[in-house]
Amino acid sequence: MIDLECKIKNQIVKIHVCETTWDLGPFIDFVETNPVMGFDTETTGLDWWNADRGFRIRLAQFGNATEAWVLPVEINPEFGEAVKWALRYAQRLVAHNGTFDQHVVESTLGVTLEELAPKMLDTKISAHLVDPRQVKEAGPGLKLEELVKFYIDRTLAEEVKGSMTKIAKRYKVKKEEIWPTVETFDREYLLYAGMDPIFAFRLFRITFPKIPARSRQRGLFAWEHRLAHVTARMERAGYLVDVEYVEARIAELKIEESKWMAVVRSFGIELLGSGAQIVEAFAREGIRLTEKTAKGVIKTGEEILAKIDHPLADAILKAKSATKKRKTWFENIINGMDSQNRIHPSVNPLQARTARWTINGSLAAQTLPAGTGYVRSSCLAEIEHVSASIDFGNMELRVLAAASGDPTMLDAFYHDKDLHNLTAIAAFGPMPEGVEKHPKRKAGKGTNFTVCFGGGWNAVSTQWDIPEDDAKKAVKAFWEAYPGTKTLSNRLMDEARRTGYIYTATGRRLPVDKDRPYAALNYYIQSSARDITARAVLLLDAAGFTPHMRLVIHDEIVFSFPKERAAELTEQAAQIMEFTFKGLLVPADGEIGKRSWGSILDLEESKH
DNA sequence: TAGAGAGGCACC
DNA sequence: AAACGGTGCCTCTCTA
């Protein structure tokens, strides 16, 4: 047994590392006397889905506030057995982002998500309910090191955070390569590993009592854990890839890129992402770029280049676009596949400051090109299945209407009136005879959305390309036509100014920056919409739909359904998803495609 | 060599 | 009085 010591704020903590089977005795005593334990794992990487081709668990760590046990499971199968026993024996396991560790022990030791989820206490959840702000937003952050820094011990957190970088230097490898490389019994590594379950344990004790009473009363803490379990099972299932399709697109894009890059290079630009090189190249052609960003850098983006009538501008845009498509979408998909050609994008149900989900990794699902199946066609429903997509209609505007109780807005939704037309009418007068759309409907639409985002006429004008006068009229008309929304916005801003926070209908507390009180309305809308989707996910899970769920993207849920039951299941799922928020229905509409996710959009396209 | 910051572009 | 909110990923530049 190796014994290590460390100090947290002058308090000594001990880390015991098992070396031989004989060391398991005191570990078992520890587990038996600590029904609640911090838990963490160290692995060869983050790709838990590759356990059949290289991914390994190296250490498993358990701990309480002052003591940790490190079991190097990679050197002794009996350690693996002891870890399995401990995981199953424990009453509660405290982990930071425990979803990852659950995937690890499931794929390497066979202890399932279903076994562990009911006993997990996740500090990422408790911390987010207390304060969801990232460090750059002047909040505590959401990563373990950031939270330790904020809540426990600033200097120690920095030391521990830096230790893996230091170890990598000592081994003379890149940081990303240290995880599989560092020797099992490297003291510094063991210390780093042993501290994490102690930190998680302490962090839970600190953050849990800080969860706002209103959040606790509404059961948010348990609710988020149930949600995290569903998303973990979605991650485990993953999404089947159409490898041929993806590889064909990569080959195509490479040809496209080399064609345009040849043009770009002929003008002396080597780095496509270098603004300075672009500016110089245009200067040589007698074209001066002058528009600057807020930080004083000359802009070279699409907005600028699209206005320049020169073969170089065209070539830069085309080369950039092809590179982005290849690297961001298709190559990430290929690189993220497991041995069964499935990707497992990481779903973070409690990441954004409004609690919106984020999806990252092999597929940044929230940023796929809209209105086309170009990237989505990479994702396939199972064999003999078809893809289906169900989305909420007008979710955020309906949340605004319901939360504000504005009679005009509610009436529009009750009677299926076009709200964008209504706003245009309020601003610019009645519709001309015999047309379905108001000639200035776009200004109405832009205003409706922009107001939800906390914007004013300037934002409407620049983002929606609306003349300033029209934008001013439309925004003014919006607040006058739907005065209830103004009352809601004022109430939220007032609450934010007084307390620094607003609360949503689910009891979630959201901090609002003092100098941006206007953001309160958007936070309320965005977060409530997220919770309506989250609620739908939990109900779908209860109805047995989780094995069919593939991705959740804000207001849309994507499914893989058996071909012959697709119509029936889509209908059933849509009914489950629909929700009446403060008296107003938020409808859900399903669409069924062919095998690929993209086919749903391509079918839509062909209708027009 | 790593990390931070910034620009740019893909979304809801 | 007015005020656009929330993301992810790639690339380059600069600093330590």
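Here is how names work: the chains are called A, B, and so on, in the same order as the sequence lines, proteins then strands, and each is numbered from 1.
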Taking A:Ser527 for the side chain and A:Tyr524 for the main chain, is one N or O donor matched with an acceptor at less than 3.5 Å? no
Any idea how A:Trp48 and A:His103 line up, ring-wise: parallel (<30°), tilted (30 to 60°), or perpendicular (>60°)? parallel
Is there a stack between A:Phe453 and C:dG5, judged by ring centres under 5.5 Å and planes under 30°? yes
For C:dG5, take OP1 and OP2 only and decide whether either is under 4.0 Å from a side-chain N or O of A:Tyr518. yes
Check whether any side-chain N or O of A:Tyr523 sits under 4.0 Å from OP1 or OP2 of C:dG6, and answer yes or no. yes
For C:dT7, does OP1 or OP2 lie under 4.0 Å from any side-chain N or O of A:Thr367? no
N/O (side chain, A:Lys327) to phosphate O (OP1/OP2, C:dT11) under 4.0 Å: yes
Nearest-nucleotide 5' precedence on DNA chain C, A:Ala364 against A:Arg356: A:Arg356
Take the protein atom CD1 of A:Ile553 and the nucleotide atom C1' of B:dA10, then report the distance between them rounded to whole Å. 13 Å
5'-most by nearest nucleotide on DNA chain C - A:Ala276 or A:Pro132: A:Pro132
Looking only at side-chain N and O atoms, does A:Trp457 come under 4.0 Å of OP1 or OP2 in C:dA3? yes
Whether A:Arg516 contacts C:dG6 is assessed here as follows: a side-chain N or O lying under 4.0 Å from the phosphate OP1 or OP2. Is that the case? yes
Counting just side-chain N and O atoms, does A:Ser527 come under 4.0 Å of either OP1 or OP2 of C:dG6? no
Establish, with yes or no, whether the OP1 or OP2 oxygen of B:dG7 is under 4.0 angstrom from a side-chain nitrogen or oxygen of A:Thr293. yes
Can you tell whether the side chains of A:Lys473 and A:Asp469 come within less than 4.0 Å, N to carboxylate O? no
Which part of the nucleic acid does A:Lys325 contact within heavy-atom distance under 4.0 Å: base, sugar-phosphate only, or nothing? nothing
Regarding A:Thr300, tell me which of base, sugar-phosphate or nothing describes its non-hydrogen contacts under 4.0 Å with the strands shown. sugar-phosphate
Looking at every strand, decide which applies to A:Gly162 at a 4.0 Å heavy-atom threshold: base, sugar-phosphate, or nothing. nothing
In sequence, state the C-alpha distance, the side-chain angles, and the governing distance for A:Tyr503 and A:Arg508, and then conclude on side-chain contact (heavy atoms from CB on, under 4.5 Å). CA-CA 5 Å; A:Tyr503 282 88; A:Arg508 192 183 301 284; over 6 Å; no
By the 4.0 Å heavy-atom rule, please label A:Lys175 as base, sugar-phosphate, or nothing. sugar-phosphate
Classify A:Met164 by what it touches in the nucleic acid, base, sugar-phosphate, or nothing, heavy-atom distance under 4.0 Å. nothing
Report which part of the nucleic acid A:Gly275 touches: base, sugar-phosphate, or nothing (heavy-atom distance under 4.0 Å, all strands). nothing
Would you mind classifying the nucleic acid contact of A:Lys320 as base, sugar-phosphate or nothing, using non-hydrogen atoms under 4.0 angstrom? sugar-phosphate
A:Arg249 NZ/CZ over A:Tyr245 ring centroid, <6.0 Å and within 45° of normal: yes
Just checking A:Glu302: base, sugar-phosphate only, or nothing, at a heavy-atom cut-off of under 4.0 Å? sugar-phosphate
